[in-house]
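Chain letters run A, B, ... following the sequence lines, proteins first, then strands; residues in each count from 1. Reckoned from all heavy atoms, side chains included, excluding hydrogens, waters and symmetry mates.
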Amino acid sequence: MTIKRILILVPTLVILFLLQSYLWVPTYEEQTKGNPNRLHEYITASTGDATSLNPIISSNSTSSQIESLVFDSLLDRDEELRFRGRLATSWEISEEAYFYLNPHAVIHHAMTSDAGKTDAEGIVRILREARKRVTDLDPVLKATLNRIKKIMIIPPEKVVTTTHYKPAKEEKEEKEIEVIIQAPARIKLSLTEVDQDLFINLSKILGNDYFASFDGVQYLKTDPLVDKKRLAAYAKEYLPAIEHNPVIIFHLRPGVRFHDGHIFDAGDVRFTYEAIMDPKNLSPRTADYEPIKEVEVLDSLTVRIVYKRLYSPALGTWGMGILPEHILNQEALKKEAERLGKDPDKFSMRQSEFDRHPMGCGPFVFKEWKSDQFIDLDRFEDYWEGSPHYKRYVMRIIPDLLTQEMEFYAGTLDSYQVQPHQVERLKKDPRFQSFSGTSFGYTYIGYNMRRAPFNDVRVRRALGMAIDVNKIIDYVLYNQGERITGPFPKQTDYYDHKVQPLPYDPKGALDLLKEAGWLRNEEGWLEKDGKRLEFTLITNSGNDIRKAILAIAQDGWKQIGVNVRTDILEWSVFIQERVHKLDFDALILGWVMGIDPDLYQIWYSNQTHPYQLNFVGFENREADDLIIKIRQEYDFEKQVEFCHRLHKIIAREQPYTFLYVGKWTAVLDKRIVIKDFDEDGVMLYKKIKPTKTGDYTFHFNRWLKIPEMPQLLD
Amino acid sequence: MFSFIGRSIVQKIITLFFVSVVSFLIIHLAPGEPSQVDPMNPKFTPEMVERFQKEFHLDKPLYVQYLYFYRDLFTGKIVSWKDSQSVLTKIWERFLNSLPLFIVGTILTWTLSFPVGIRSAIFRGGIYDRSATFVSYLLISIPGFFFAYILIILVVTTLHVPVIGMETFGLGASSWGTTLMDRIWHLLIPSVLGATGGIAVLSRYVRSQMLEVEGQDYVRTAKAKGLPPEQVHYKHALRNALLPFVTMFGLILPGLIGGSVIIESIFSWPGMGRMAYEAILARDYPVILTVNFVAAVLVLVGTFISDLLYLVVDPRIRL
């Protein structure tokens, strides 16, 4: 019968046709061993595709990995996590500080001859005299005065500016009003280093309330309708009594070229800054650059960046890839818009083809990006530091980890990010070399300190002591984790290793709870004033490790008589409904940290409102003070000291039960080595070693794959 | 006939409108924010959240957003939030990638299911029928990703050839013949995997339909006339058993755009399903809604086609 025959024949033929293609396909051997070019290619994989390859727009890890190869930045961190110059050869950080003359303040300091009210010249005289009299001053003040390089008077000036004003909340219309600022004389101090205590120290000479008693409102004239509160806000904005303006001067590397041969210069740095701040580009990185007052090009190889206020994370923000101005400036974008037939007024970098065809001055040149398949890069022969040994870098997008693993074994991937349970097995494999290190993130249980009983530190500490974290690390993480005691990344100097983790001590926990008034009743449950100790512990779904911790914590707490309910919520419900609205008792969550120790958003006491990140409601005066100081301190040693103090306070208060920081492990083909030269210029191969901070790709540009298994000394 | 077509088109447009409203509402009422807005990132200030929401029109009332979205969709200007690419171009590219998988899978499913199911029906209760039933239910109940993994591991370890992706990675410059065959090889496992599930389900339907028809008088008559059994089953019975499959055939059209998330992810196949899935995770509303809209259109076109097919295959139906 024809129908039957067709129904059987057609699929058979189709399958046979599909099967015969096997004869044509290159085997893995042909691709790897049989392919001489394979040695010059580095192929890695990522589970997710990049979104954009423009460093000012993208915000995911695949994108930034590619960007770090295509673009170069002014500086980055070296093996010890200290800053290291890249496109910048060196930099100087200094400060310009300003304060307004306060004609009403009375100065009475023993060592000044100009006692009483004084004018600008008088102030300058006082400061100069104080600087000369070095003998009898307290050393801190002396150090501050020694930093002052230059003192200048800015004569009084009148400025007229317009601003928008909404007369009342109910009214929608905004009114444009004129503000006349009749500024008094201002003193400008040039300092050799940034000094956050400058004005505190100067007030030892000028009087304790010299700066505080300055009232800007009297120098403002505006529409009589403006209320007092608003007026005070204007005064603060236009006439701040004191102002710190840190200054960074970058000296750029001469002769660096973009991939198209165009010479990199200071204009590109300024352009990158402007591009980030341009609202049209909608950059997610504006917060880092908002404190910048101006970026000034001094000459083609010198940029001067002035900040509006003390902001110590500033230097680190220049680890940002530098964009080529000549490709992306207004004119170029306009031309592109016209070519694509789009409205030039609405056309921004987000629409530009640059997004998918980036070009910078990094070690690799962008070649091709096939969405959800691969991103292909070629080495840049003219790279200023010497071109990388690998000729080609490919990032394949393989969403499934098992297929990644298969491809790695087959040799079509050079590296594989190992899952915790595979670490032991793959470490022993002679074909591979494995690296492991501490990650930049930790997992914790956070308590809502607005709610009883979590407002009592003894309860928080006791709850922490009832969980056996070592067991979590051993059994849930297959030993791929370490204990952590505070909010800083463990491999940085900011982390205080002297702080001891909470011991696992259910007995001690019960004693603490007893002290706090919680006693076990006949049934074994903890009770206080007839009320049981019970609450709900929540976390997000889709994370098996957190789910396991949830059960372990629940069990640990149950054993000391705490009745815990648990709940697992979908991520966005968890964040939007519970975390943001502060509607939780306790939760399991993690933070991924940067290197910079600024913790303002997570721990400062004014960040405890809904939709803010201090959702546990941690409020501590001393901690607040330290957080601000860390944020404003430019001196590394001092910053470390402040961080250690903050670490101790947070560990003492236990707003979180800090659980662990994970470890990452990567395996590489063993034939990949570092090619280097010794002092005599003799070439030698070295084993790849991760840096102290766990970055094994730090020397990537000198990596090389050799045909035979190497016999290397460590 | 023509009045039927006219009426049907008007009805479908009205349905489409309601589908568009409901899907828009569901997606906007579901919790979550576009992945560009990262509320858990300390560097993400409220001003930035506001600016993103303004850019994406999320600060506008829902009906305004609805109008904006469909205006952009119909003028072809709709762009993805994730990478500012044109959504229609993206969908078209992915559609072309998914198409071969769909075609091969469909051919295999819609041919093999019939002989398998019919044989089961003819020898009802026999060993063949029992084992076919067993295998079918086994295939239906074991998740597809499991088979996929097993197959990948088997093929990679025994044959040492790459199976993932649309083509061998790093094939480089080779003749067009090799390139084509390489692509066909990569098609084999994912499409066969997709088809096995389909065959398992469809052959069950065929079997039960055939069982119903085989008991009819005209089949007995045909047998009594002395017609060869093949002709009885494949001509007299099958034709009448086919009616429900006409409806089902119309409904495979939306499968074009749905693709298979799991198969595409495991095989790193850059297809439709994976794009839609990732768009959902990233709350990339323009992509989600466009895919949704296209799928709705395809469903309606599919039902329309099956209505017309009904007219052709069943002379009793007059519209």
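- Defined by atom type and a distance below 3.5 Å, a donor-acceptor pair is missing between the side-chain atoms of B:Arg94 and A:Ser371.
- With a 4.5 Å cut-off on non-hydrogen atoms, B:Thr109 does not touch chain A at all.
- Only the side chain of A:Glu407 has a heavy atom closer than 4.5 Å to any heavy atom of chain B.
- To the nearest 0.5 Å, the span separating CD on B:Gln85 from CG on A:Asp355 amounts to 7.5 Å.
- In the displayed structure, B:Tyr277 atom OH is contacted under 6.0 Å by at most 12 heavy atoms of other residues, nucleotides or ligands.
- At a 4.5 Å heavy-atom cutoff, B:Ile118 makes no contact with chain A through either its backbone or its side chain.
- Contact count versus chain A (heavy atoms, under 4.5 Å) is highest, among B:Asp83, B:Val163, B:Val161, B:Ile266, for B:Val161.
- Residues A:Thr286 and B:Arg51 meet the side-chain proximity criterion, which asks for heavy atoms closer than 4.5 Å.
- Within the 4.5 Å cutoff, the side chain of A:Pro399 has heavy atoms near those of the B:Arg274 side chain.
- Heavy-atom pairs under 4.5 Å with chain A were tallied for B:Tyr149, B:Phe145, B:Phe44; the largest tally goes to B:Tyr149.
- A heavy-atom distance below 4.5 Å is found between the side chains of A:Leu18 and B:Ser191.
- Inter-residue side-chain proximity for B:Ser265 and A:Asp400 is flagged as unmet; no heavy-atom pair is nearer than 4.5 Å.
- Neither the backbone nor the side chain of B:Glu47 comes within contact range of chain A; no heavy atoms are under 4.5 Å apart.
- Counting heavy atoms from C-beta on, the side chains of A:Ser572 and B:Arg283 come closer than 4.5 Å.
- B:Ile107 touches chain A through its side chain: at least one heavy atom from C-beta onward sits under 4.5 Å away, while N, CA, C and O do not.
- Within the 4.5 angstrom heavy-atom criterion, atoms from both the backbone and the side chain of B:Leu159 approach chain A.
- A 4.5 Å side-chain heavy-atom check between B:Met275 and A:Asp49 finds every atom pair outside the cut-off.
- For chain A, the nearby part of B:Val104 is the side chain; its heavy atoms alone come within less than 4.5 Å.
- Heavy atoms closer than 4.5 Å to chain A are found in the backbone of B:Trp110, but not in its side chain.
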